[in-house]
Amino acid sequence: MHQDEDFSIENITKIEGHASLDLKVRSGKVESCEFRVTESHRFFEDMVNGRHFSQIPLIVSRICGLCSSSHLTTALEAVEDALEVEPSEQTKSLRRLSIFGEFLKSHSLHLYMLALPDYLAKESVLKFGEKEHHFIHDGLNLKKAGTDILTALGGRPHHTVNYRVGHVTKGPNSEKLVAILKGLESVREKALETVHLFDSFAAKHPFERKTNFVALKGKNYPLMEGQAIHCSDKTSVEKDGLMQHLQEVVVPYSTAKNAVFNGKDYVVGALARIALNKNQLHPEARKALKGCSTKLPNKSPFSTNLAQAIELVHCVESAIDLAKDLSPRNEPAPKIKPKACSGVGVTEAPRGLLYHSYTLDGKGFITESNMVIPTQQNIRSIELDLHDFVPTILSKPREKAALEMEKLIRAYDPCISCSVHFLKVNWT
Amino acid sequence: MPKKLKAGFYSLACCEGCEIVMFDLEENFLKALDFVEIVDARLFNGKHPGEKLDIAIVEGCVESEVDKKHLLEIRERCKYLVAFGACATIIGIPGIRNALPKEIQKKLKRKAIIPVKDKAFPISAFVKVDALLQGCPAFTHEILDVFVKLYHGIVPKLEEVPVCSECRERENPCLLFEGIPCLGPVTYAGCKALCPSERAQCIGCRGFTEDGNFEALRKKFQEMGIPKKEIYNLFTYFNPDPFTKKMEEK
Amino acid sequence: MQQNFLLKKEKLGEFLTALSKEAEVFVPSLNENNATCFLPYNSQELYLAERTQYSPKKILSPPLEKEFIFRKKSSSFEIEHLLDNKKRVFFGVRSCDTHAIKVLDKLYLEYFTEDKWYKAIREDLTIIALQCSKPCENGFCQSMGTDKPVGHDLLLVEKEKSFFVEIASERGEQLVKKYRDLFNQTNFTKPESKFKCSKELETTNLKEILDKNFFHKKWKQEAKKCLSCSSCTQVCPSCYCFLSFDKFILNTGDSERFRAWDSCQLKRFTRVSHDFFFRESRESRLRQFVMHKLSYFQENFGFPLCVGCGRCIMVCPVGIDLTEIASTIRGDSK
Amino acid sequence: MKELSLTTPALAEIVEVREDTKKIKTFTIKYVDRQKQKRFHFVPGKFLMVSVFGFGEMPISLSSSPLKTDSLQLTIKEVGVITHAMLQLKKGDKIGLRGPFGRGFPVARFRKKNVLFISGGCGMAPLRPVIYAIADRREEFGKLKLLYGCQNSDHLLFKEDLKKWGQTENLEVLLTVDKCTPDWKGNCGPVTTLFNKTEINPDNSIACIVGPPVMLHFVLKELKKHGFRDEQIYASLERLMHCGMGKCAHCNIAGKYACIDGPVFNGVDLAKMPLEEK
Ligand SMILES: Cc1cc2nc3c(=O)[nH]c(=O)nc-3n(C[C@H](O)[C@H](O)[C@H](O)COP(=O)(O)OP(=O)(O)OC[C@H]3O[C@@H](n4cnc5c(N)ncnc54)[C@H](O)[C@@H]3O)c2cc1C
Ligand code: SF4
Ligand code: SF4
Ligand code: SF4
């Protein structure tokens, strides 16, 4: 690459959704960097308006195929918060279990199918040779443990069908739970191996940049039911007040508005969660983390993959504990009286902090909604990282450099399909 | 034996859930690779622009001119076009926006990249679709089935059977008797009555059958005491309003 | 003289457990979703209050069954007929369902040519019938003359603390002999059940009346309500229509032939090439169902296809009732 | 070898394929089991259940001469999945056969009578064996007339046979096409227009009709107009069939089954059938 170069990657591959990158390098410095989203809008915030609250979870789950359960759970929490419905312990446990399943699914797919080829210098999993072929099986097996949970609990691996406001229409039977447990136990080893694998890769990327981490804080490793959002700058906010601390800023070199937390750029996702809630990880996951040669948290965005691997261990172990304790009964649906109200739900989706808020009218129809999605919050950090990262790889040939940039973007596991719908972009 | 099928996966405006379903094939995914060669798919980083394809599997709907152009280009390149998932086959959730009030539509139009008649369309509105993979998301067993069929030169056809039929095979009690409004009687089967088996109503993700008796079902919902607005909401979950008939096409 | 026996209720579990060691035993019980149907015995609670919502038809003629495998061998094929010859016991079958099994027997074992697949299942089937002691929802077996079981091996009649057991076939006799210590001999005679069905269907001249009223306005009226959801034909214990189709096994040249339930309520039922449908209208499809039950089958076999279990009435979401249709038409043709 | 049951297809080999038109081919077929082939015989109008393995099974009428038993012929038009697959097959390929099933034309009852054949499109296939059977013993029958219509001249089946029959004494062949092309010199319009082109006399006559449902409808009307009584009419009906032996009930028409009581029905039975079901 040259000291002066205009550079663009059309249609970045192996990420969820459509995005491209435009870079302008002048005298070895990045003059402008645009991580541009090319996905079409689907206007979810407008679409849920006028719909009955009972339909909301099923609609918003279609925001993203990869983290549909997170959207579903967040929306459910938001609507329940508004209507002051308290779901039963069993309902909460089932939701928590599906979220573990979803993390397993999402993380293992990203790590093995999308990120791993980068580290092994292969174009894609389809180009894996004899030696690497077992990785496909490993990834698929881990994913299967996750999707089996989702299928047993929610009917299918994506877009769960039976989670409703305040209850679950039908819980899994004991046979299904036994099958889940068996599946989870069979991938325990694989999860640990994944940590070793990605630990060995993490050391290879010395790039660092200081940033802030933001994640939900709660009793358990904060995947849901959290009340407060913490930031690594030691501040914290209640979930209802999140929107006062999240600002959208216009950055001159980008068409997309980015988000800042308390005026500072920040990162959400696996790395942020580990940074802020390391001590609440499952003991097994903590042990795995201790055994890593790379220390987490650190300032390298490439460590996100390792953090995800650690979370795989956490999810497998916690899901086993949770599933062992469950003995679901069928519970009646609660009687819900609609009223004019509003509520907020915040959870941790695989890619980071997820926020939904809804306002209902007296008959139970939605009048206003707002959603903040993880990747949207990370875009600013991706761009800032590239700013610092690109000058360090200018000596490399063009294709190599492009690949390095893609790797960095992929490390964030961006999920464009959901984020795009909420960027308030003016494309004119 | 016939040659391997050259396949490409494409996604327009959607949640990409259907593409992820590919991985749910698990062992069958690897088996499918024995006779399906994935030459073009963003998730696998195969960039072979312009290559001729046997099958193009397209998920998502058309929301912008960019999508439309992309879609037309895909159609040019492939022998069989398979619509993948609810968005592509029947418009699905993105279609809810088509029924929004006029003023909001106008507002949205300004926000969209380059709108196509400020509406969302299933891909069949612009190109000939050879086979459908219904459902939101599409079903793994059907994906494999379509691959196998196309490999042997069979273009799969829809069987007009309602979800209730499979609901009976699974020996469920009917939800309509419990006051839960279910769209099973007017929705294409093939999901093995997934939702009713989980005691959740069918919301029509596999599309409305042509033969469905919508008027009778609406009456039934009314008798069950469901308010008018909610009934409308129900019928327009995934499908264009069956009473005012289809959205404009082509 | 035939000996009769008693089976104590507390011995029932033991009896079923013993049976399930040597055969697959299907018993009426509740499924996951609280519907009553026949499930393999696994020490679960039995549902003996009335006839189940779902009949045991699914075991004799499964919704989807694999009939053949065609294996490609160089330039030819090897045809393998998959026969299912497991030993089975149906426990607690009601009279109406035994009559439905009679229909299937007639069709698959006697009529025109016998069906190997069905025969294999049927030969190893033991039927333990259970007499009804009270009217069931929507049932009208007394009108159809199907209130006394046929073709069964044992008949149980529920008494307070035990079941009265009547031996009805040689197979039944062998069974009692085998588990003789579970049964007590008795001098009682079979308790008669006295009740009146909840519904009635006047059957005199019914066929002629329906045939004559092929274009009665009632058909159209009912068809307007009908959702064509095919629930009625699916739950009917004597609906037997099926279709067959082939499927390739992945990319090999091998294929399988399946047989699956079909329903006359579906438009595709009468499709021929060029997408022509013989019974396209909902009216004609609904009429086909009722007429096949009460008229057409009678013409060929001498008895109606309807066994009076009332399941189709119970399952119909919009309340279409064939006894009501028949009586309306009868009333109008007077 | 033991006789296979009627539910199991028997292997047969295609020994010759002839392309009649672009979408119609005639297959000459022999059972792999030579004994079975030897014993094979059929009444014109009967059909076989033909399996194209992996694609499905369908009813197809026998179209060869009933007098020729060392092989059999099927004439198949491509309309859908199974027929498409069938038309791809070549000499030496194997298919499965069950049957023959159904009730054919009661040729013996046509003796000494004039026979009027009316067919449309692919309906010529099941009629061919009847004409063969009669033409073989020409002297036992009265005057024969064949009215045959199809889409256009390219779709005419069995051109050689038609020519031969056209030259046969007392056998009049009248052709018509729906769509006229410049190379077509004959009649244009539906088959019913041929009724005016020749003398149709119901006395001592029999009419045999095979064709699509719409054609059947109009031809029946026309025959009635010309004074034909129900019992003088024989028509073959097409129905969806999955078993061929009265079990799948797809071909149920009132109390009758097209597969065992038909596909060839006498006009008396037809008249009893409800209108829309024909
Ligand atoms: C008595 C009789 C004689 C006939 N004689 C002739 C003849 O001589 N020549 C001729 O050309 N035609 C004849 N036909 C018509 C011929 O049978 C049809 O053209 C043929 O069946 C069409 O089959 P297809 O698969 O090509 O058509 P399609 O319309 O594609 O298929 C219809 C059939 O596909 C099957 N099928 C495939 N997949 C499935 C699935 N998943 N589920 C359920 N069903 C499935 C069904 O069995 C259905 O009947 C005759 C018909 C009858 C009744
Ligand atoms: S059909 Fe459903 S799962 Fe598939 S892309 Fe569309 S929204 Fe996602
Ligand atoms: S629950 Fe729904 S799908 Fe099932 S029978 Fe009732 S209406 Fe049909
Ligand atoms: S039951 Fe209805 S909504 Fe559920 S998967 Fe089937 S078609 Fe889709």
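Here the structure is a predicted model, which means the values were calculated and not measured. Lettering of chains follows the sequences in order, A, B, ..., and the numbering in each one begins at 1.
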Taking all non-hydrogen atoms of both residues into account, name the closest pair between [X] and [Y] and its distance.
X	Y	value
C/R271	D/L240	O-CB, 3.2 Å
C/F242	D/C243	CZ-CB, 3.9 Å
C/R279	D/N252	NH1-O, 3.3 Å
C/S255	D/G54	OG-N, 3.1 Å
C/D246	D/V52	OD2-O, 3.8 Å

field: Test side-chain contact (heavy atoms from CB on, under 4.5 Å) applied to C/S76 and D/L11, step by step
entry: CA-CA 8 Å; C/S76 188; D/L11 270 186; 3.3 Å; yes
For chain D, the option from [options] that forms the most heavy-atom pairs under 4.5 Å:
options	value
C/W117, C/F248, C/F297	C/F248
C/K247, C/E280, C/R257, C/M291	C/R257
C/L243, C/L107, C/D211	C/L243

If I measure from the heavy atoms of chain D, does [X] come under 4.5 Å with its side chain, its backbone, both, or neither?
X	value
C/N300	side chain
C/F258	neither
C/F70	side chain

- line: Counting heavy-atom pairs under 4.5 Å with chain C, the top scorer among D/G246, D/A249, D/C248 is D/C248
Looking at [X], I want to see if its [atom1] is surrounded by more than 12 non-hydrogen atoms of other residues, nucleotides or ligands under 6.0 Å.
X	atom1	result
D/F218	CZ	no
C/K224	NZ	no
C/K267	NZ	yes
C/K102	NZ	yes

- prompt: Any luck finding a side-chain donor-acceptor pair between D/H250 and C/D262 under 3.5 Å?
  reply: yes
statement: Turns out that what part of D/T83 lies under 4.5 Å from chain C's heavy atoms comes down to neither
- prompt: Ignoring hydrogens and geometry, is there a side-chain-to-backbone donor-acceptor pair from C/K72 to D/F53 under 3.5 Å?
  reply: no
query: Looking at CZ of C/F245 and NE2 of D/H242, how far apart are the two atoms once the value is rounded to the nearest 0.5 Å?
result: 10.0 Å
task: Starting at OG of C/S75, measure out to CD of D/E13 and round the result to the nearest 0.5 Å.
output: 7.0 Å
How about [X] and [Y]: do any of their side-chain heavy atoms sit closer than 4.5 Å?
X	Y	value
C/F278	D/I253	no
D/K247	C/Y240	no
D/P9	C/F68	yes

